[in-house]
Amino acid sequence: MSGGGCSIVWFRRDLRLDDNPALTAGMRAGAVVALFIWAPEEEGQYQPGRVSRWWLKQSLAHLDSSLRSLGTPLITKRSADSVSSLLGVVKATGATQLLFNHLYDPLSLIRDHRAKEVLTAQGIAVRSFNADLLYEPWEVNDAHGQAFTTFSSFWERCLNMPYDPEAPLLPPKRIIAGDVSKCPSDTLVFEDESEKASNALLARAWSPGWSNADKALTAFINGPLIEYSKNRRKADSATTSFLSPHLHFGELSVKKVFHLVRIKQVLWANEGNKAGEESVNLFLKSIGLREYSRYISFNHPYSHERPLLGHLKFFPWVVNEGYFKAWRQGRTGYPLVDAGMRELWATGWLHDRIRVVVSSFFVKVLQLPWRWGMKYFWDTLLDADLESDALGWQYISGTLPDGREFDRINNPQFEGYKFDPNGEYVRRWLPELSRLPTEWIHHPWNAPESVLQAAGIELGYNYPFPIVGLDAAKARLEEALLQMWQQEAASRAAIENGTEEGLGDSSESAPIAFPPDIQMEEGHDPVRNNPLSVAQSYEDQMVPSITSQVRVEDEEASSDLRNSTGDSRAEVPMNVNLQQNARGTLNQGPNEGTLQVVYRNTRIQNGASELRNAAEESTAESSSSSSRRDGGVVPVWSPPASSYSDQFVGDENGIGASSSFLQTHRQSHQLLNWRGLPQTNS
DNA sequence: TAGGTTTTGCT
DNA sequence: GCAAAACCT
């Protein structure tokens, strides 16, 4: 199918050779040029942090050597604009086809859409695939064809889909190299001199690269998995899977993970091994959360910037850089929190439980804006993953319909004795407390003077007093929530009176800026300060380019999303350019097979229904055909037409639409309970 | 001891 | 907000 030219396989966060549908498609079509483009400026405020870049560097080296052993190098390009680099590579290699696997963060949705548009206009065939998820976000819908808004219902559906996730593909045995003689690689720089020393330590603990990932997976599944449930409460146990950085860069295929874990699940179920079954369910759930993070990101592309429940917009965050600094440095006076933050700083790693502890402390006790914390995680975690981190912080912040209650404060002292009963974790990361007896290790401020003295601790000198007392925090939180509800009610009233629909309060909906010391990693380039400006001229909607079926469960062309009140969700601005849309989609023309349009993400009020219907007809057609689910759709979401903050208007009230927090809650929970929500899928 | 009350875990 | 677990009495 290749014509004469070769295919470019554009690697991004799918740095593996096995179960890589873009690569497989490229091989089948003939000669392949494997390409990686390093364009960090495109990531706006979210350029990868030091440890993340270290990982990427190793992983790419690994991928390159694997590819070479199969017959072709990995071409690397340094770029400020991926799309023009793609065009350059097309020219230099005479490629006629571009293949890549989907990503779901907002910047990628835009960029990939643009890539598809631009290259298609140049006569290049562009095909894209699902390599990152069990199911594409638009495949997972409720009975009305709408997106789920709670994790449990989403995951339940995933586990009970009428068809299984695709079986993982094998790695190629050899690859026919495209002509890259006129397409030299750029040297990519991922670390500066000052970072090298710290990075050297990472290599002792981690082995990036897809075949190492594969070994790690096998080892985990045959080892710690069975104890996963039992051990999940320990702060420093070696019982987490440690697969997350591998997963972030796509060194591991989630479908493969799922597949292998399911085999164990069946095995242990047959043996009646309850602990094993529970472990599997729990582990799969964490895979499910990762899926859900993409799902949320696709359906609510602003989820890394804005709370999904609108009322949180009115929360009076404490904008206190001193608190923020104390938290980052592990000097809050709460040993478990501080130990976690020091571990994160030192290693780029944090056990999931401790992530919850430190982030909930951040939001509830310090009441700092959650996006600061999220950004810090992004900068420091080895497995930094924007979608997962956004989901995690939204959960902690109580901004998800099924998140935790906002007004409950966890007590780090109690959590300390729960997750670190013997104080070993604290002693490892807080040497200044290492001589304190376990009895006091999680609350040194209560320890008698003599005990402190014997342990060599002088509070306020070599270890701080608690930065905020829990009682004070509780009082301040209640006060803040009161304020939030009042403002929310006032705003709702204003909207109902029609006095203020729209732009009035853009200052409130605009996110609080990052503090300067975090901001310094960004900003030379104007594009970075407004990550979406890059794409502002591309206003059209999804650009599905080709074939492939996406199964749509719902029979009726149930049109709009959740609520019919006039609001719209953030990712779906009203000012969609349908002309472009039509051109982008329907004229894609005679690629193989059917044309697929996916509209989950779209909320087009007028004029789009024909499009949608066309889409669904073609879906109906294609879903009856074979099991070919390659090819695919580039999920794209349209950027705001004008300014950044305009975008916030549309999604004013987040998932809950214009209903109040309580109503939203009640609804979602009723829905949940109604269905009797089976605990597991046993 | 059964019964009520409080705490915990949810993504 | 709910269910299950833990904790009282």
**OP:** Using whole Å, report how far CZ of A/Phe419 lies from C1' of B/dG9.
**Re:** 10 Å
Original post:
Excluding sequence neighbours, so at least two apart, what forms ring pair (Phe, Tyr, Trp, His ring centres under 6.0 Å) with A/Phe361?
Top reply: A/Tyr334
**OP:** Measure from CD on A/Glu387 to C1' on B/dT11 and round the result to the nearest Å.
**Re:** 15 Å
**OP:** Using atom types as modelled and distance alone, determine if a side-chain donor or acceptor of A/Ser52 lies under 3.5 Å from a backbone N or O of A/Gly49.
**Re:** no
Subject >> Atom-pair distance (NZ on A/Lys364; P on B/dT8), nearest Å >> reply: 13 Å
Original post:
For A/Leu391 and B/dC10, what is the distance between atoms CG and C1' respectively, to the nearest whole Å?
Top reply: 13 Å
**OP:** Would you classify A/Asn411 as touching base, sugar-phosphate or nothing, given that sugar-phosphate means primed atoms plus P, OP1 and OP2, and contacts are heavy atoms under 4.0 Å?
**Re:** nothing
**OP:** Starting at atom CD1 of A/Ile409, determine the distance to atom C1' of B/dT7, rounded to an integer number of angstrom.
**Re:** 16 Å
**OP:** Would you kindly give the CD-to-P distance between A/Glu278 and B/dG9, to the nearest whole Å?
**Re:** 14 Å
Subject >> A/Arg408 CZ - B/dT7 C1' separation (whole Å) >> reply: 8 Å
**OP:** State whether the aromatic ring of A/Tyr395 stacks on the base of B/dT11, taking stacking to mean ring centres under 5.5 Å apart and ring planes under 30° to each other.
**Re:** yes
**OP:** Not counting sequence neighbours, which residues clear salt bridge (charged side-chain N to carboxylate O under 4.0 Å, His left out) with A/Lys418? List them please.
**Re:** none
**OP:** Give a yes/no answer on whether the side chain of A/Lys418 brings an N or O atom under 4.0 Å of OP1 or OP2 in B/dG9.
**Re:** yes
**OP:** May I ask you to evaluate whether A/Arg353 reaches the phosphate of B/dC10, defined as a side-chain N or O under 4.0 Å from OP1 or OP2?
**Re:** yes
**OP:** Please answer whether the main-chain N or O of A/Ser360 pairs with a side-chain N or O of A/Trp370 as donor and acceptor at a distance below 3.5 Å.
**Re:** no
Subject >> Protein-nucleotide distance (A/Trp155, atom CH2; B/dC10, atom P), rounded to Å >> reply: 16 Å
